[in-house]
> 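Submitted below is the structure of interest, expressed as structure tokens.
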Amino acid sequence: MSSLTTFDLPISGMTCASCAGRVERALAKVAEVGTVSVNLASEQARIQAPADSLERLVHAVESAGYQVPSTRLELALGGMTCASCAGRIERALAKQPGVLSVSVNLASERAQVQIVRGLDPQTLLSAVQQAGYSASLVDAERPAQAGAERLLQRERWALGLAMLLTLPLVIPMLAAPFGLHWMLPAWLQFALATPVQFVFGARFYRAAWSALRARAGNMDQLVAIGTSAAYGLSLYQWAISPSGSMPHLYFEASAVIITLILLGKYLESRAKRQTSSAIRALQALRPERALRLQNGVEQWVALGELQLGDAIVVKPGERFPVDGRVTQGQSHADEALISGESLPQPKQPGDSVTAGAINGEGRLLVETTALGAETVLARIIRLVEDAQAAKAPIQKLVDKVSQVFVPAVLLIALATLLGWLLAGAGIETALLNAVAVLVIACPCALGLATPTAIMAGTGVAARHGILIKDAEALEIAHSVNLVAFDKTGTLTSGAPRIAHMKAVDGDTASLLQLAGALQRGSEHSLAKAVLDACTQQQLELADVTESKALAGRGIAGRIGERQLALGNKRLLDEQQLHNEALAADAQAWEAEGRTLSWLLELAPQPRVLGLFAFGDTLKEGAGEAIAALNAQGIASHLISGDNQGSVQAVAQTLGITAAHAEVLPADKAAIIAELKKDAVVAMVGDGINDAPALAAADVGIAMGSGTDVAMHAAGITLMRGDPRLVADALDISRRTYNKIRQNLFWAFAYNLVGIPLAAAGLLNPMLAGAAMALSSVSVVSNALLLKTWKPTERS
């Protein structure tokens with residue numbers, strides 16, 4: 001049996017003693033559990049069990065019908081240098097009782113930790129410190145950008161001084177090809193190389209010692225051993241050389257290696273900051289103050305002092321400090337960095353505004369509806385941060401390799417040393433070749449290959465209104481070959497519009513004008529469609545008298561001497577009015593699933609004046625969205641609860657491969673499951689009824705204009721609700737995944753080619769150091785090319 005640890009597990013949902021007993025029995029059944037005691041009053045279970053059994057214990061509690069409350073923490077990490085470091089921190093945190101899941105990101109130097117509620121965060125920080133690294137809790141409201149900038153500045157100074165000391169050591173080597181053969185005195189080489197080795201290279205010794213104490217390997221050990229061997233060999237050669245002779249020294253090799261690695265680390269840090277530029281751009285959108293209007297007095301206050309319902313004044317050109325609703329004024333809002341929408345959006349009383357957007361030309365009074373972490377901007381930042389911190393499934397391969405990489409390299413270096421000695425080479429040659437193996441084998445590029453690509457890809461996607469919630473969705477989306485769309489609110493506007501209208505006398509403008517006059521003041525959705533059409537055509541509406549609703553049939557009223565009515569077929573039949581000229585149109589429009597309304601004149605001459613057909617209109621860009629998918633060889637399906645006629649009409653209009661009509665919400669998930677048997681399926685939806693299908697699909701894509709439930713169930717959210725972004729989301733996914741594969745290829749290729757060359761004596765230590773630095777920088781730079789991606793240009 002594994003060693004047992006005693007810890008408390010919080011449990012919610014217990015209401016009586018029998019609940020506590022049920023939980024106790026469920027926990028006792030878990031393998032290797034020692035003692036279990038459940039306290040109903042404190043809602044906790046005290047358990048003796050192996051530390052790695054927590055997942056099984058939580059599953060046992062949930063299977064019994066109760067919950068283990070959990071919370072998420074984000075840790076800022078320091079001291080990581082390669083994939084091995086990230087793996088070591090991950091394992092150290094995972095061993096702590098109460099930790100449910102851990103994900104460490106080398107590129108962002110962050111750890112996402114899911115813990116049971118009540119666990120002291122200090123336990124996690126201590127675990128990281130004992131593993132040889134530094135850690136602190138991340139304050140979501142105050143990102144530590146200043147600290148990162150100071151660290152980068154320190155790296156810049158250290159690099160500059162190291163280069164100044166190393167340059168005199170390198171000049172004689174650079175001059176040799178031009179016939180200039182001279183060397184610095186041994187004492188001067190020693191004086192220049194020693195600060196580089198032990199002052200600027202101290203970071204490698206510290207990190208190597210921490211890893212050694214934790215009985216683990218990392219790249220710092222490879223660098224420390226390699227450069228110390230070259231430095232030590234120089235001291236030995238100097239010590240045994242006859243007085244007055246010039247010994248063969250390698251001080252320049254150790255100094256150049258350390259300086260090149262510092263250069264690589266500096267360039268890598270700069271590049272990594274660029275991968276997270278999307279987060280910094282979003283964070284910069286948050287103003288620190290707001291102009292509050294209270295009792296008729298305007299006053300600047302910190303955002304932390306605001307409350308829901310406060311009135312905020314936003315002047316032209318200022319950013320909105322909160323999410324809110326416009327109560328006074330008219331303007332436009334630039335929401336480009338939040339939703340990706342390039343055109344300013346009109347704002348008037350009743351419209352919602354988003355924190356971080358820029359107010360246009362008008363002064364607005366805004367009622368606060370969301371603050372701080374609950375604003376749309378804060379949620380977007382959290383989504384992007386989560387995606388950038390998450391690990392793609394392909395990263396698991398890298399993690400496995402990194403665990404054995406450093407020990408394997410140390411063995412290869414030892415074999416190189418012994419092999420050359422057995423082949424009759426001198427200790428000098430054997431040692432230098434072993435040093436070259438140690439230096440070139442640094443696994444930095446391997447650890448950076450996946451997270452940098454994910455950070456760059458999710459960042460640039462967020463800039464264009466595509467929020468990718470997790471790395472798994474990003475990785476799977478590249479292979480999607482079938483997209484299933486919901487209809488209402490996804491491909492269509494979700495609000496009825498006049499799809500067709502026909503006047504008996506051919507004057508549709510007059511027909512619309514009469515219908516608009518009758519509907520003026522009505523809140524019915526069909527009335528709104530008529531009034532919107534009148535507004536678009538700038539029609540003046542006459543005054544109506546004797547207006548009255550006809551229950552279940554429509555509306556009637558008098559315009560001048562004419563008594564008019566607008567209603568359904570029941571009203572038409574009641575008045576015994578029919579028009580053969582419109583009958584064929586009515587039948588055709590009904591077959592499309594349209595809702596029909598007849599405009600009748602009841603007096604002085606009873607007759608049919610015309611016919612309106614209402615339907616949900618296609619969203620702008622719906623046709624382009626399907627065409628873009630078809631061009632990529634991706635099939636499209638339509639799944640809707642609407643009637644057969646309207647669903648088939650939309651499918652035929654857009655060129656959708658297959659349509660499923662009159663589908664109940666519960667059955668949408670079943671259709672998705674059936675489609676998944678032969679394809680990789682993405683589901684696109686916007687409503688609560690789409691949530692099960694979004695969760696069932698390989699990749700769920702939610703429209704940002706939809707419900708929070710849909711967005712929670714989806715892996716990707718389109719902030720603009722523009723269906724054309726579906727193809728763009730799949731495109732950035734493919735490009736990001738390709739970058740991951742390219743990076744992993746180059747990371748492995750550097751080592752697969754470099755290590756044999758170094759072992760064979762074809763690569764001196766300085767070239768090995770340059771190649772190692774180049775590998776990390778090239779991987780990050782390749783990932784940064786994703787920042788040039790843009791969505792397909794719209795016509």
Side-chain angles (χ1 to χ4, degrees), residues 80-91 106 131-132 201 204-233 236 250 253-254 257-258 260-261 396-449 744-773 775-776:
M80 292 194 299
T81 55
C82 65
S84 301
C85 299
R88 187 174 316 112
I89 294 175
E90 212 163 74
R91 291 190 292 275
L106 174 63
F204 302 113
Y205 287 103
R206 284 195 297 267
W209 174 244
S210 298
L212 193 61
R213 283 194 308 167
R215 298 178 183 178
N218 67 359
M219 69 78 73
D220 299 289
Q221 291 170 339
L222 304 182
V223 174
I225 293 170
T227 57
S228 297
Y231 183 87
L233 180 60
Y236 173 75
Y250 299 95
S254 64
I257 289 168
I258 287 176
L260 283 171
I261 294 172
K396 294 174 183 176
L397 168 66
V398 178
D399 292 344
K400 289 178 181 177
V401 171
S402 66
Q403 287 182 33
V404 298
F405 192 84
V406 173
V409 169
L410 289 171
L411 288 175
I412 293 170
L414 179 60
T416 301
L417 177 68
L418 296 175
W420 279 95
L421 289 174
L422 291 173
I427 182 66
E428 190 177 321
T429 302
L431 194 56
L432 287 176
N433 290 337
V435 168
V437 169
L438 291 172
V439 172
I440 200 168
C442 167
C444 295
L446 201 59
L448 293 168
L744 287 175
F745 168 78
W746 285 113
F748 279 112
Y750 271 112
N751 288 312
L752 289 174
V753 174
I755 291 176
L757 287 176
L762 301 175
L763 206 60
N764 71 47
M766 286 183 286
L767 286 176
M772 191 222 75
S775 67
S776 297

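All residue numbers refer to positions in the sequence shown, counting from 1.
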> Which atom pairs, one a donor and one an acceptor, fall under 3.5 Å between side chains of residues 404-416 and the rest of the protein, sequence neighbours left out?
from, atom 1, to, atom 2, distance (Å)
Thr416, OG1, Ile412, O, 2.8

> Answer yes or no: is there a donor N or O on one side and an acceptor on the other, between the side chain of Trp420 and the main chain of Ile427, under 3.5 Å?
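Between the backbone of Ile427 and the side chain of Trp420 there is no qualifying donor-acceptor contact (under 3.5 Å).
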> With the side chain counted from C-beta on, respond yes when Phe204 and Thr227 share a heavy-atom pair under 4.5 Å apart, and no when they do not.
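SC-SC contact between Phe204 and Thr227 ruled out.
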> So how far is it from Leu757 CG to Asn433 CG, rounded to the nearest 0.5 Å?
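Answer rounded to 0.5 Å: 11.0 Å.
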